[in-house]
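Here's the structure, in structure tokens; my notes come after.
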Amino acid sequence: MPIPDGLVAALFSHYGPRGWWPLLKKKNEAQGWHCVYRPGDYGASLQPLQRFEIGIGAVLTQNTSWNGAVKALISLKEADRLRPERLIEPNAVEEIRQLVRPSGFFNQKQERLAIWSYFFMQQNGHTPHRSVLLALKGIGPETADSILLYAYGRPLFIADAYARRIMGRITGVAWSYESLAGEMHRMSQTLVESERLQTFNEAHALMVEHGKQICQVRPLCGKCFLNNICYKGMQNGKHLS
DNA sequence: GCCCAGGAGCATA
DNA sequence: TATGCTCATGGG
């Protein structure tokens, strides 16, 4: 089955705006740092250090729950290590490893954060090309696209594990990262750039939400509101009746 | 104790 | 192009 045109809209009307990418904020001195979602913002007018932070979060959440990534993010912030100059200090390698430990894979993530830091400083505010990001050790397609979409406002569909799982079930075919991203981009050709940016901004966040709540590894099709447009959902209906 | 989480690099076929 | 293995912590 083809990817349904109204899929993102259906997810949006069910879950509402997600406000991604979440950024660190401090309510007041007593309360400490926490993550803030910004519904409807779509990354308009981000500060350079917020763009940098999005890249850090994208690396920290690789194959890890966002929960763990936030712990690491806050630890870095509180130790004043959430800045490129402070993340590349050679004598801070072991300290940073310990700070990012809750996000898992802490040895390689420390190295990847340093690589992103060097690169970010060298970019000097310019938007990086996708191919250049992909050439960096530790930045693959999802991390690169997350950075380009949420930090630099490039309209790219993030075909992560959730999206491929959900689309796989809806269409009945297996998608590679590039094949799904390409198909979603083709389907969005009718939109103007600003619409596509908002659509993809929400789409990724909504896929994550749906993948967490319903379309899990073991799918909760009985609770799903997409059965009418889902290949797997329709298959279920067949042998139930 | 087991499974899974907002992946990526590397070796191998 | 596509599998298989490795990297690690934390919550359900």
Side-chain angles (χ1 to χ4, degrees), chain A residues 8 11-12 15 17-24 35-38 42-43 53-76 93-117 119 128 130-151 154 156-169 173-184 200-220 223:
Chain A
V8 176
L11 291 168
F12 186 88
Y15 294 111
R18 305 287 76 207
W20 276 32
W21 188 281
L23 290 168
L24 287 185
C35 252
V36 173
Y37 291 77
R38 304 154 291 132
Y42 302 121
E53 180 187 316
I54 289 172
I56 296 296
V59 168
L60 288 175
T61 197
Q62 287 171 355
N63 202 37
T64 314
S65 71
W66 178 244
N67 205 356
V70 170
K71 284 183 185 170
L73 213 45
I74 290 174
S75 297
L76 289 171
V93 168
E94 191 53 38
E95 177 194 340
I96 292 167
R97 283 179 178 158
Q98 297 312 313
L99 290 172
V100 302
R101 196 165 182 138
S103 68
F105 307 104
F106 57 89
N107 290 311
Q108 54 185 23
K109 281 182 180 174
Q110 177 277 321
E111 185 187 11
R112 293 174 184 187
L113 295 187
I115 290 172
W116 164 243
S117 298
F119 178 75
R130 188 174 195 265
S131 58
V132 178
L133 282 175
L134 290 177
L136 297 176
K137 187 178 176 184
I139 296 190
E142 179 177 346
T143 307
D145 290 345
S146 296
I147 290 172
L148 288 170
L149 172 64
Y150 290 108
R154 297 297 150 129
L156 296 167
F157 181 82
I158 299 172
D160 70 334
Y162 283 128
R164 295 203 303 279
R165 187 165 77 210
I166 293 168
M167 296 303 199
R169 287 172 179 160
V173 282
W175 297 89
S176 70
Y177 188 99
E178 300 296 344
S179 69
L180 179 55
E183 180 60 20
M184 292 299 287
F200 286 165
N201 201 311
E202 290 293 345
H204 174 52
L206 289 166
M207 297 284 167
V208 172
E209 197 64 33
H210 190 58
K212 280 181 179 171
Q213 293 199 22
I214 294 176
C215 206
Q216 304 171 357
V217 175
R218 299 185 167 213
L220 308 178
K223 293 184 179 178

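Hydrogens, waters and symmetry mates are skipped; everything else that's a heavy atom, side chains included, is used. Just so it is clear, the model here is predicted, and its values are computed rather than measured. Here is the naming used below: chain letters follow the sequence lines, and residue numbers restart at 1 for every chain.
Partners of A:Glu142 by side-chain hydrogen bond (donor to acceptor under 3.5 Å, both in side chains), not counting sequence neighbours: none found.
The nearest whole Å value for the distance from the NE2 atom in A:His204 to the C1' atom in B:dA5 is 13 Å. Atom-to-atom, NE2 of A:His210 to P of B:dA5 comes out at 14 Å; the value is rounded to the nearest Å. The nearest whole Å value for the distance from the CH2 atom in A:Trp66 to the P atom in C:dG11 is 16 Å. A:Gln216 has its CD atom 18 Å from the P atom of C:dG11, to the nearest Å. For the pair A:Leu60 CG and C:dT9 C1', the interatomic distance rounds to 13 Å; values are reported in whole Å. Rounded to an integer number of Å, the gap from A:Lys109 NZ to C:dG10 C1' is 12 Å. With rounding to whole Å, A:Leu149 atom CG is found 17 Å from B:dG6 atom P. A:Ile74 places its CD1 atom 14 Å from the P atom of C:dG10, with the value rounded to the nearest Å.
The aromatic rings of A:Trp66 and A:Trp21 lie perpendicular to each other, with more than 60° between the two planes, well past the 30° mark. Ring pair A:Tyr37/A:Trp20 is tilted by interplanar angle, where 30° to 60° counts as tilted.
Backbone-only contact: A:Arg165 has heavy atoms under 4.0 Å from sugar-phosphate atoms and none from a base.
Considering only side-chain N and O atoms, A:Asn107 lies under 4.0 angstrom from the phosphate OP1 or OP2 of C:dA8. One finds no side-chain N or O of A:Lys212 lying less than 4.0 angstrom from the OP1 or OP2 phosphate oxygen of C:dG12.
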| query | Using a cut-off of 4.0 Å between protein heavy atoms and nucleotide atoms, how would you tag nucleotides 7-13 of chain B 5' to 3' with B, S and -? | reply | BSS----
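Judged purely by atom type and a 3.5 angstrom limit, A:Arg112 has no side-chain atom pairing as donor or acceptor with the backbone of A:Val59.
Taking a cutoff of 4.0 Å between a charged side-chain nitrogen and a carboxylate oxygen, A:Lys212 and A:Glu209 do not qualify as a salt bridge.
Considering only side-chain atoms of A:Phe106, the nucleotide from C:dT9, C:dA2, B:dA5 that sits closest is C:dT9.
Residue A:Arg38 places its CZ atom among more than 12 non-hydrogen atoms of other residues, nucleotides or ligands, all under 6.0 Å distant.
Between C:dT6 and B:dG6, the distance separating the two P atoms is 23 Å to the nearest Å.
Inspection of the A:Glu202 and A:Tyr42 side chains reveals an N or O donor paired with an N or O acceptor under 3.5 Å.
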